[in-house]
Visitor: 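What follows is a single structure, and I will ask about it in a moment.
Atoms within a ligand are numbered from 1 in the order they appear, just like the ligands themselves.
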Amino acid sequence: MEAAPEDAAWPAAARCVAHIDLDCFYAAVEELLDPSLAGKPVAVVMGLDPEGHGAVATASYAARAFGVYSAMPLHAARRLCPQLVVLPVRHGIYRRYSAQVMALLHELSPLMQQVSIDEAFVELTGRAEALSLLRTASARIGREIGLSCSFGVATSKLVAKIATDQGKPRGFVVVRPDEEAAYLAPLPVEVLWGVGPRTSARLRELDIRTLGALAAVDPVSLAPVFGSRRALELAASARGRNGSPLVLDRQYKSISSEQTLGRGGGDPHLLWHLLQRMAEDVAGRLRAEGMVARTVGIKLRYTDWRLVTRDLTLPQPVDEASRLAAVAAELMRRNWQRGTPLRLLGLRASGLAPAPAVEQLALLPLEA
Ligand code: TTP
Ligand code: CA
């Protein structure tokens, strides 16, 4: 794929968050499985019964052109579009396609948050080539899986998701650092998370309809209406400032290596040797994922099944085997009853974060 001009390097100092959402997901899968549906008005319907009752789960763009939308009762949808092709939902099939997309996104970064069956955030902070990686992922979702998707990229989850929605379908909308306020200014306040009908009605009473207008008011004047905390949050969000972190799936929160031990599980030389091997394994996987770890832990299971886990959080994150092994060895010295045989030894890196860009790493002191 050709590099677009907007694929310029993402600045190392700025956060980089991508949001991905599949277009017309259920209907798109049905079209993929039955190409004769392409271009026809299709509704995928929940709770479809023989009498034709049910509610629209999603509608293809051709059906949306008739005003058919999610959550609409089927009889209302048919009134708007008599030639509507109606299909029952097939969750198992959609889940399989969703899993393929999520696995492909997870290749970009283990810092991924799946939000729903067809929606995810990926954090690419510190990756200068983030935009070209994302463009390639978007092309692969089309080519290898057969689905169309929309991407939004920004310095926060909030703005990335808004960008995705603005670009639908097949969008790839990039809001560069420091452009958030200008990008958001013309948009209606309802695009913000948590601004539902009540908040938007109150804002309208204050003659605030756009994010530009919201950003322009002094949050102090909003405090009597919304409370000071919410007022500050609204004012910051209107400028695109939102620090919400990704909520990672449990499986991505740590990287560990374990070894069960036979005889010799009480030999300090053997255990030290194993810790080094496990540290190399964990360090290799951290680097492959482009991650550093803030916390290093050990897991000791004695032959009577007693379990001891201890960890240490470091002032500077690490990804080198020697540092991981040194911290694990120190934890062993403090917590292992020397000479007492172990059944299992484990080393775990957690508190994961994206590795800083190379220039930043060079500035870190060698000794933490
Ligand atoms: P959405 O992402 O909200 O919608 P969509 O993918 O169909 O369309 P868009 O291009 O606008 O993103 O929801 C994802 C899937 O979740 C959707 O295909 C069907 C299902 N769904 C329901 O079952 N019920 C609902 O009310 C909604 C909104 C979605
Ligand atoms: Ca979608």
Side-chain angles (χ1 to χ4, degrees), residues 17-35 37-49 52-78 80-81 84-106 112-122 134 137-142 145-154 157-173 187-188 190-197 247:
V17 180
H19 177 259
I20 299 96
D21 188 300
L22 299 171
D23 300 328
C24 278
F25 179 44
Y26 292 5
V29 173
E30 297 295 347
E31 280 185 21
L32 183 63
L33 297 175
D34 178 0
L37 295 172
K40 291 188 185 157
V42 174
V44 180
V45 172
M46 305 177 272
L48 183 62
D49 68 14
H53 297 299
V56 175
T58 196
S60 67
Y61 284 103
R64 290 180 197 193
F66 287 88
V68 176
Y69 287 106
S70 297
M72 183 179 271
L74 178 55
H75 64 85
R78 281 201 206 271
L80 289 168
C81 178
L84 191 67
V85 179
V86 174
L87 302 168
V89 287
R90 299 194 285 172
H91 288 293
I93 292 173
Y94 312 140
R95 264 197 295 276
R96 254 182 281 148
Y97 279 92
S98 166
Q100 285 183 47
V101 173
M102 297 303 157
L104 193 150
L105 293 175
H106 186 244
M112 190 191 101
Q113 176 184 2
Q114 183 174 348
V115 185
S116 73
I117 192 163
D118 78 333
E119 194 186 343
F121 289 103
V122 180
L134 292 166
S138 169
R140 284 185 61 199
I141 291 169
I145 306 176
L147 294 173
S148 135
C149 57
S150 297
F151 276 68
V153 193
K157 285 166 75 174
L158 173 80
V159 180
K161 185 172 162 58
I162 291 171
T164 300
D165 293 342
Q166 296 296 314
K168 265 186 169 298
R170 294 181 183 276
F172 192 95
V173 177
L187 303 180
E190 289 81 9
V191 302
L192 289 185
W193 285 330
V195 175
V247 180

Visitor: Show the atoms of ligand 1 that are less than 4.0 angstrom away from any heavy atom in Leu22.
Guide: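 Taking each heavy atom of Leu22 in turn, ligand 1 has 6 (O), 10 (O), 12 (O) under 4.0 Å.
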Visitor: Hey, are Ser70 and Arg64 close enough side-chain-wise for a donor-acceptor pair under 3.5 Å?
Guide: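 Ser70 and Arg64 do not have a side-chain donor-acceptor pair below 3.5 Å.
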Visitor: Consider every N or O of Val56 and every N or O of ligand 1, then say whether any pair is closer than 3.5 Å.
Guide: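 It does not: no N or O of Val56 is found under 3.5 Å from an N or O of ligand 1.
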Visitor: May I ask you to identify, for Arg64, whether its side chain, its backbone, both or neither come under 4.0 Å of ligand 1 on a heavy-atom basis?
Guide: side chain
Visitor: As a quick check of understanding, evaluate side chain to side chain contact (heavy atoms under 4.5 Å, CB included) for Val45 and Val89, giving each step before the final call.
Guide: CA-CA 6 Å; Val45 172; Val89 287; over 6 Å; no
Visitor: Could you check whether any side-chain heavy atom of Val29 comes within less than 4.5 Å of a side-chain heavy atom of Leu147, counting everything from C-beta outward?
Guide: yes
Visitor: Below 4.0 angstrom from a heavy atom of Asp23, which ligand 1 atoms are there? Numbered from 1 as shown, please.
Guide: 10 (O)
Visitor: Does some non-hydrogen atom of Cys24 fall short of 4.0 Å from ligand 1?
Guide: yes
Visitor: Under a heavy-atom criterion of less than 4.0 Å, does His91 contact ligand 1?
Guide: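 Outside the 4.0 Å threshold, so no.
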Visitor: Are Lys161 and Glu119 within salt-bridge range, i.e. N to O under 4.0 Å?
Guide: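 Yes.
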Visitor: Does a side-chain heavy-atom distance below 4.5 Å link Ser150 with Phe172?
Guide: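 No, side chains not in contact.
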Visitor: Does a donor on one side chain sit under 3.5 Å from an acceptor on the other, for Glu31 and Tyr26?
Guide: no
Visitor: Counting only non-hydrogen atoms of the protein, does one fall under 4.0 Å from atom 3 (O) of ligand 1?
Guide: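 Protein heavy atoms within 4.0 Å of atom 3 (O) of ligand 1 - there are none.
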Visitor: Determine whether the side chain, the backbone, both or neither of Tyr61 has a heavy atom under 4.0 Å from any heavy atom of ligand 1.
Guide: side chain
Visitor: Under 4.0 Å, heavy atoms only, figure out whether ligand 1 is touched by the backbone of Val89, its side chain, both or neither.
Guide: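 The answer is neither; Val89 stays 4.0 Å or more away.
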Visitor: Any N or O of Met46 that comes nearer than 3.5 Å to an N or O of ligand 1?
Guide: no
Visitor: Can you confirm whether Gln166 sits close enough to Leu187 that some side-chain heavy atom of one is under 4.5 Å from a side-chain heavy atom of the other?
Guide: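 Yes, their side chains come closer than 4.5 Å.
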Visitor: Check this for me - ligand 1, Ile117, N or O atoms closer than 3.5 angstrom, yes or no?
Guide: no
Visitor: Would a 4.5 Å heavy-atom cut-off, applied to side chains only, mark Tyr97 and Leu32 as touching?
Guide: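 Yes, close enough: below the 4.5 Å cut-off.
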Visitor: Give the residue, atom name and distance (to 0.1 Å) of the protein heavy atom nearest atom 26 (O) of ligand 1.
Guide: Ser70 CB, 3.9 Å
Visitor: Heavy atoms only, cut-off 4.0 Å: how does Glu119 contact ligand 1, side chain, backbone, both, or neither?
Guide: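 It is neither part, as no heavy atom is under 4.0 Å.
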Visitor: How far is atom 14 (C) of ligand 1 from its nearest protein heavy atom, and which residue and atom name does that atom have?
Guide: Asp118 OD2, 3.3 Å
Visitor: Give a yes or no on whether Asp21 keeps an N, O or S atom under 3.0 Å from the Ca ion (ligand 2).
Guide: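 Yes.
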Visitor: Counting non-hydrogen protein atoms only, what is the nearest one to atom 7 (O) of ligand 1? Give residue, atom name and distance.
Guide: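 It is Thr58 OG1, 2.4 Å.
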Visitor: When you measure from the side chain of Ser60 to the backbone of Ala27, do you find a donor-acceptor pair of N or O atoms at a distance under 3.5 Å?
Guide: no
Visitor: Any idea which of Tyr26, Tyr69, Phe25 brings a heavy atom closest to atom 16 (O) of ligand 1?
Guide: Tyr26
Visitor: Between Val56 and Val44, does the side chain to side chain contact (heavy atoms under 4.5 Å, CB included) criterion hold? Intermediate values first, please.
Guide: CA-CA 6 Å; Val56 175; Val44 180; over 6 Å; no
Visitor: Do the non-hydrogen side-chain atoms of Val173 and Val153 ever get within less than 4.5 Å of each other?
Guide: no
Visitor: Assess whether a salt bridge exists between Arg170 and Asp23, defined as any Lys/Arg side-chain N lying under 4.0 Å from an Asp/Glu carboxylate O.
Guide: no
Visitor: Using the Ca ion (ligand 2) as the vertex, how large is the angle between OD2 of Asp118 and O of Leu22, rounded to 10 degrees?
Guide: 90°
Visitor: May I ask you to identify the nearest protein heavy atom to atom 29 (C) of ligand 1, giving residue, atom name and distance to one decimal place in Å?
Guide: Ala57 O, 3.6 Å
